[in-house]
Amino acid sequence: MASTRLDRTISSTGNRKILTFSAWIKRSKLGVWQNVASFGQGGNRDYIAFDSSDRFEVAQYAGGQTYQIKTTRVFRDTSAFYHIQYAIDTNQATASNRLKIYVNGVQETVFTNSSYPAEDLQMYYNLSGENQKIGSDTDNSNYFDGSMSHINYIDGTAYDASAFGETDTTTGEWIGKTSPSVTYGTNGFFILKDGNGITDQSGEGNNFTLGGGTLTDLKDNPDNVFATLNPLDNYWQGSTFSNGNNTIVTGSNSTTFNTSTLLMTSGKYYVEVKPTVGSATLNIGVTGEQAVNASQTLASRGTGYAYLSSSGVFNNGSSVGGTFNSYTNNDIIGIAINLDDEQDGLNKLYFSKNGVWQNGADPSTPSSVTGVVGITKPSNLIGESKMGAYAFAMNETWNDNTRTVQWNFGNGYFGTTAVSSAGTNASDNGIFEYDVPTGYTALSTKGLNL
């Protein structure tokens with residue numbers, strides 16, 4: 001949603017003192033001011049935001065800062081969804097009871113700023129003629145960069161976290177209630193629910209419009225979080241990320257590799273990679289270790305296995321042999337990694353180009369030995385910088401220019417463009433351009449537990 005916002009204008013004044021806001025969000029970009037939502041217009045508004053230090057705040061500005069509650073802790077996990085909720089009731093005599101913030105079901109109690117709303121303060125939230133905006137400030141700036149799901153807004157009731165989530169008795173994780181039992185009130189709404197987009201699911205008919213940008217219905221959601229490229233593993237690389245961290249532009253002063261957010265120790269996984277600008281000198285594949293300086297290519301590492309755009313597959317600086325066709329811009333490279341089956345004490349790796357498996361390999365037949373790239377088992381990835389697991393990874397090998405590469409970890413998009421055909425056999429998990437080998441799945445939290 002880096003340039004996307006949802007708009008609605010309030011037509012009838014509701015309760016201006018009591019409300020609840022609940023949303024599941026997954027951050028993509030860090031270190032810049034981003035509004036989750038805002039209510040009002042111009043300089044007079046109530047808003048929810050992450051500041052440039054990645055702290056979460058709920059505040060009002062009306063010719064000056066009227067109230068501001070800002071967390072001390074920061075929110076920098078780009079690999080998972082946060083459940084963010086707050087409840088306001090300015091009728092309360094005790095200041096700290098007038099605004100309560102919950103993250104993943106736990107109430108926040110330590111704040112950098114704790115200027116609470118004045119008793120009986122009337123806010124812009126439910127005032128006729130004011131704007132409700134999701135994903136930006138009231139002046140259509142400071143866009144939220146990331147994903148949102150299951151946004152509930154309540155006019156007239158201050159609910160605690162149990163109204164919208166609960167603890168899973170098996171895993172101990174905080175999970176959302178997809179059909180909460182709440183009273184929404186005059187201006188309440190429930191949007192971004194299970195593919196229903198911006199049509200209000202609360203029964204109040206408070207639908208939103210797409211005010212700008214592109215609304216993309218991703219498979220990534222709080223119940224099944226998909227891998228992306230990892231912006232936190234970027235110290236040496238200096239790459240930039242967009243489209244939910246699924247598009248990467250490599251840094252022009254580094255040749256080292258970027259990695260995926262989720263790691264693999266067992267199972268069978270499939271991903272698709274599409275270079276769009278500067279495909280020459282690309283390395284696309286997997287790694288079992290982290291980069292520790294700015295000049296480590298994927299192909300040169302002992303636990304790196306890289307399909308080069310012009311010269312086959314390399315590991316530890318040497319070709320693994322076999323026949324692998326060259327690729328260029330807009331070709332789609334498939335990677336299938338099999339960490340369950342062995343051949344001569346090694347696990348198995350496969351590459352495809354535009355749906356054709358290279359070197360005569362067939363990942364759907366694990367007993368076949370033809371064309372397989374043998375890789376060290378994760379249990380043997382032990383030592384300095386080694387992860388004991390594999391990540392999908394990529395880099396370019398010349399630091400004189402940048403390269404743009406789009407990844408589809410199963411969301412069904414390259415950049416903002418949906419795949420042109422739906423591949424099959426992804427274990428009912430993920431949407432791809434080409435058929436997924438039998439028994440393989442997307443790299444996601446559901447995929448890790450299949």
Side-chain angles (χ1 to χ4, degrees), residues 1 19-28 30 34 36-37 48-50 54-58 69-89 96-97 99-111 134-135 144-154 157-184 188-196 201-202 218-228 230 232 244-245 261-263 411 429 442-450:
M1 294 182 71
L19 62 104
T20 306
F21 182 92
S22 167
W24 288 83
I25 63 173
K26 184 180 182 183
R27 303 195 68 194
S28 294
L30 305 176
Q34 298 177 53
V36 175
I48 320 143
F50 290 97
D54 302 311
R55 297 171 296 188
F56 181 70
E57 73 171 77
V58 182
I69 307 298
K70 180 183 290 191
T71 63
T72 298
R73 72 166 172 142
V74 298
F75 298 86
R76 292 175 177 157
D77 187 351
T78 59
S79 66
F81 277 83
Y82 293 106
H83 179 217
I84 299 292
Q85 179 181 335
Y86 65 92
I88 296 178
D89 181 353
S96 59
N97 288 334
L99 198 162
K100 297 179 180 180
I101 296 174
Y102 305 87
V103 179
N104 295 337
V106 178
Q107 185 176 348
E108 294 288 309
T109 57
V110 180
F111 301 106
I134 305 297
F144 177 75
D145 195 332
S147 301
M148 296 188 185
S149 179
H150 288 71
I151 300 179
N152 285 274
Y153 176 73
I154 309 298
T157 309
Y159 288 102
D160 64 23
S162 64
F164 301 99
E166 58 191 350
T167 301
D168 187 291
T169 56
T170 301
T171 66
E173 296 179 344
W174 183 253
I175 58 175
K177 295 181 178 179
T178 56
S179 297
S181 180
V182 296
T183 300
Y184 284 91
F189 56 82
F190 185 5
I191 59 172
L192 303 183
K193 177 189 178 183
D194 302 332
N196 288 292
Q201 302 298 302
S202 74
L218 301 177
K219 294 299 178 184
D220 202 0
N221 66 79
D223 292 329
N224 187 22
V225 182
F226 281 70
T228 67
N230 189 355
L232 298 179
N245 297 335
T261 51
L262 300 182
L263 304 180
N411 271 311
N429 184 40
L443 180 56
S444 69
T445 51
K446 176 182 176 181
L448 289 169
N449 289 286
L450 285 176

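Everything quoted here is computed from the prediction, not taken from an experiment.
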Open item on the list: Determine whether Y153 and I191 satisfy the following criterion, side-chain contact (heavy atoms from CB on, under 4.5 Å), listing intermediate values before the conclusion.
Closed with: CA-CA 9 Å; Y153 176 73; I191 59 172; over 6 Å; no
TODO: Evaluate the side-chain proximity of V182 to I154: yes if any heavy-atom separation is below 4.5 Å, no if none is.
DONE: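 Side chain of I154 against side chain of V182, heavy atoms only: contact under 4.5 Å found.
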Task: F81 and S147, any side-chain heavy atoms less than 4.5 Å apart - done: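 Side-chain contact under 4.5 Å: yes.
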Not counting sequence neighbours, which residues clear side chain to side chain donor-acceptor pair (under 3.5 Å) with [X]? List them please.
X    : result
N152 : Y184
T109 : none
S149 : none
D160 : S162

Tell me every residue that passes side chain to side chain contact (heavy atoms under 4.5 Å, CB included) with [X], counting only those two or more places apart in sequence or in another chain.
X    : value
A37  : F21, F39, I48, I134
D168 : T170, T171, I175
T183 : Y159
N230 : T78, L232, D233, T259, T261

Between [atom1] on residue [X] and [atom2] on residue [Y], distance to nearest 0.5 Å:
X    : Y    : atom1 : atom2 : value
I101 : I88  : CD1   : CD1   : 8.5 Å
S79  : K26  : OG    : NZ    : 7.0 Å
Q85  : W24  : CD    : CH2   : 10.5 Å
I25  : D145 : CD1   : CG    : 11.5 Å
L99  : I69  : CG    : CD1   : 5.5 Å
S181 : F164 : OG    : CZ    : 10.0 Å

With a 3.5 Å distance limit and no angle check, can you tell me whether [X] reaches the backbone of [Y] through a side-chain donor-acceptor pair?
X    : Y    : result
N221 : K219 : yes
N449 : T445 : yes
N104 : Y82  : no
D220 : N411 : no

TODO: Go through the structure and list residues passing ring-ring contact (aromatic ring centres under 6.0 Å, His included) with F190, not counting sequence neighbours.
DONE: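 Checked F190 against ring-ring contact (aromatic ring centres under 6.0 Å, His included); matches are H150.
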Open item on the list: Suppose we screen for ring-ring contact (aromatic ring centres under 6.0 Å, His included). Which residues come up paired with F111, at least two apart in sequence or across chains?
Closed with: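 Testing F111 for ring-ring contact (aromatic ring centres under 6.0 Å, His included), a comparison that skips the adjacent residues, returns none.
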For [X] against [Y], the heavy-atom pair lying closest together:
X    : Y    : value
R55  : V74  : CG-CG1, 3.7 Å
L448 : L262 : CD1-CD1, 4.3 Å
S179 : K193 : OG-NZ, 3.5 Å
A87  : T20  : CB-OG1, 4.1 Å
K177 : A163 : CD-O, 3.7 Å
G244 : T228 : O-CG2, 3.4 Å

- [ ] Would you check, one step at a time, whether the test side-chain contact (heavy atoms from CB on, under 4.5 Å) holds for V103 with E108?
- [x] CA-CA 7 Å; V103 179; E108 294 288 309; 3.8 Å; yes
TODO: Using the six-membered ring of F75, assess whether NZ or CZ of R27 lies under 6.0 Å from its centre and within 45 degrees of the ring axis.
DONE: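 So R27 doesn't make the cation-pi contact.
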TODO: Sequence neighbours left out, what passes salt bridge (charged side-chain N to carboxylate O under 4.0 Å, His left out) with K100? Give chain and number order.
DONE: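 Once residues adjacent in sequence are excluded, K100 has no partner under the salt bridge (charged side-chain N to carboxylate O under 4.0 Å, His left out) criterion.
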Open item on the list: Under the rule for salt bridge (charged side-chain N to carboxylate O under 4.0 Å, His left out), what residues qualify as partners of D89, not counting sequence neighbours?
Closed with: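 Result, salt bridge (charged side-chain N to carboxylate O under 4.0 Å, His left out) vs D89: none returned.
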Task: S444 side chain to N429 side chain, donor-acceptor N/O pair below 3.5 angstrom - done: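 Judged by distance alone, the side chains do pair up.
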